Amino acid sequence: MKLTVTLPTHSYDLTIETGALDKIGTWVRSLWQPQRVAIITDETVNKLYGAAVEKELQAAGFETSLIAVAAGEQSKSLETAQLLYDFLAEQQLTRSDGLIALGGGVVGDLAGFVASTYMRGIHFLQVPTTLLAQVDSSIGGKTAVNTKKAKNLVGTFAQPDGVLIDPNTLKTLEPRRVREGIAEIVKSAAIADVELWHRLSSLENEQDLVAHAEEIITACCKIKRDVVEEDELDLGLRLILNFGHTIGHALENTAGYGVIAHGEGVSLGMIQITQVAEQRGLSPLGITQELVTMLEKFHLPVTTDCWPEERLYQAITHDKKTRGGQIKIIVLEKIGQAKIVSLPTEEIRAFLNREGGI
Ligand code: NAD
């Protein structure tokens with residue numbers, strides 16, 4: 001399946017196909033002339049797919065080089081970016097060459113950032129290998145690295161020349177990582193696609209979803225594509241993709257590294273925001289329970305003992321998305337439709353209250 005992302009200055013295709021990685025050389029050849037190609041990946045993905053991808057590219061006539069950073073969020077840093085600039089310079093990569101990001105969201109954000117800043121920008125492709133990256137982070141052109149003070153503080157908007165999604169890569173992904181991607185899928189359906197919601201309702205569990213990954217990923221890519229086409233630079237509508245994320249990020253950060261993973265934070269954040277929205281008449285009665293049923297089926301957390309309310313409040317109000325004493329939150333009007341609500345910052349306290357909730 002091919003979906004086109006149509007933007008004013010640059011359009012490109014998302015290719016979603018089981019087994020596509022085995023033919024990556026042909027795909028890249030359809031986009032680029034034979035040239036130098038640098039592959040940026042991480043150590044885990046490199047062990048699984050690096051050699052095969054390089055071989056395929058070479059067979060298609062490309063001169064390749066590959067660098068693998070350490071797996072994990074700590075690689076999304078200016079220090080690693082610096083190492084990558086040095087590597088690209090040593091490989092004598094020029095603006096007529098290209099870069100491929102092969103990995104999860106960390107590699108995608110980091111390599112996209114490096115590609116968009118090295119020599120003022122070189123061509124790049126996204127080859128996402130986690131479910132989260134396949135349904136979310138590889139689409140839309142946001143790149144970033146973290147600094148010691150904040151996540152994603154430094155970054156660019158830079159669109160790739162193409163995105164290649166092979167659901168086969170999910171077979172090697174840890175179950176916890178698969179579930180994190182599912183949290184984003186549930187989010188996408190909840191905010192924008194009631195048909196996808198019904199489809200998810202018909203699935204039994206995570207394994208069933210992975211067995212139908214091509215179809216589900218395609219539906220999510222359409223949602224993200226539509227939002228990005230309308231708001232490429234994140235000036236309005238794109239914010240709805242943040243449903244569950246404001247509280248989710250705060251939980252992730254205050255719980256300490258790895259205790260609550262990103263997707264788990266999003267799951268908990270969606271539940272918390274929705275139950276308060278339901279209590280206040282902003283969302284319809286019973287909608288929280290619908291979310292709970294869906295998330296529990298995929299073994300995502302819907303409640304937690306880790307709830308440091310004051311620290312969560314501090315984390316949220318220091319977040320870059322609060323502006324002029326106002327904070328924007330996303331609530332569900334119904335399954336498949338979300339709206340952005342602007343609140344005085346202080347009001348977010350009410351949305352952290354767990355009384356009367358699950
Ligand atoms: P990740 O890239 O760290 O990948 C998770 C783990 O899975 C890593 O250890 C990785 O080595 C491993 N892995 C990757 N593919 C694998 C495979 N096929 N088989 C086995 N293991 C594999 O994490 P992620 O969840 O993919 O991405 C999280 C990042 O994405 C965060 O930094 C977040 O900020 C970013 N993000 C960006 C956007 C955006 O729009 N740019 C959107 C959402 C999230």
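Counting starts at 1 for both ligands and their atoms, following the listed order. As the structure is a computational prediction, the values presented were derived from the model and not from experiment.
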Heavy atom of K224, distance to ligand 1 below 4.0 Å: yes
Any E180 heavy atom less than 4.0 Å to ligand 1: no
Would you be so kind as to tabulate the donor-acceptor pairs closer than 3.5 Å made by side chains of residues 55-63, with sequence neighbours excluded?
residue	atom	partner	partner atom	Å
E56	OE1	G25	N	3.3
Q58	NE2	T64	OG1	2.8
E63	OE2	R36	NE	3.3

[atom] [closest protein heavy-atom partner, distance rounded to 0.1 Å]:
| atom | result |
| --- | --- |
| atom 4 (O) of ligand 1 | T130 CG2, 3.6 Å |
| atom 20 (C) of ligand 1 | T172 O, 3.1 Å |
| atom 24 (P) of ligand 1 | G105 N, 3.5 Å |
| atom 35 (C) of ligand 1 | D109 OD2, 3.4 Å |
| atom 10 (C) of ligand 1 | D42 OD2, 3.3 Å |

Membership question, hydrophobic clusters at under 4.5 Å side-chain separation (ILVMFWY): are [Y] and [X] in the same one?
| X | Y | value |
| --- | --- | --- |
| V194 | L332 | yes |
| V106 | V127 | no |
| I165 | I39 | no |
| L241 | I271 | yes |

Pair H245 + F243: ring centers closer than 6.0 Å: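 No, too far apart.
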Please indicate whether any nitrogen or oxygen in [X] is less than 3.5 Å from any nitrogen or oxygen in ligand 1.
| X | answer |
| --- | --- |
| E174 | no |
| R238 | no |
| V45 | no |
| A71 | no |
| R177 | no |

Separation of T129 OG1 from L164 CG (nearest 0.5 Å): 11.5 Å
Value rounded to 0.5 Å, distance of NE2 in H262 from CG in L251: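 If we round to the nearest 0.5 Å, H262:NE2 and L251:CG are 12.0 Å apart.
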I'd like the name of whichever of [options] reaches closest to [atom] through any heavy atom.
| atom | options | answer |
| --- | --- | --- |
| atom 42 (C) of ligand 1 | S75, S137, A261, A70 | S137 |
| atom 12 (C) of ligand 1 | V178, T44, T129, L170 | T44 |
| atom 16 (C) of ligand 1 | L21, L173, L48 | L173 |

N353 backbone acceptor or donor facing Q272 side chain under 3.5 Å: yes
For [X], counting its heavy atoms only, list the atoms of ligand 1 lying under 4.0 Å from any of them.
| X | result |
| --- | --- |
| K151 | 31 (C), 32 (O), 33 (C), 34 (O) |
| K142 | 40 (O), 41 (N) |
| N152 | 34 (O) |
| V106 | 1 (P), 2 (O), 3 (O), 27 (O), 29 (C), 32 (O) |
| E73 | 31 (C), 32 (O) |

Residues R176, E264: salt bridge by 4.0 Å N-O rule: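 Salt bridge present between R176 and E264.
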V135 and K224, any side-chain heavy atoms less than 4.5 Å apart: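 No, their side chains stay 4.5 Å or more apart.
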Structural part of E184 in contact with ligand 1, heavy atom criterion under 4.0 angstrom: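 Neither part.
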E90/S65 under side chain to side chain donor-acceptor pair (under 3.5 Å): CA gap, chis, key distance, verdict: CA-CA 11 Å; E90 276 159 24; S65 58; over 6 Å; no
Evaluation steps, side chain to side chain donor-acceptor pair (under 3.5 Å), between T41 and Y49: CA-CA 9 Å; T41 187; Y49 304 106; over 6 Å; no
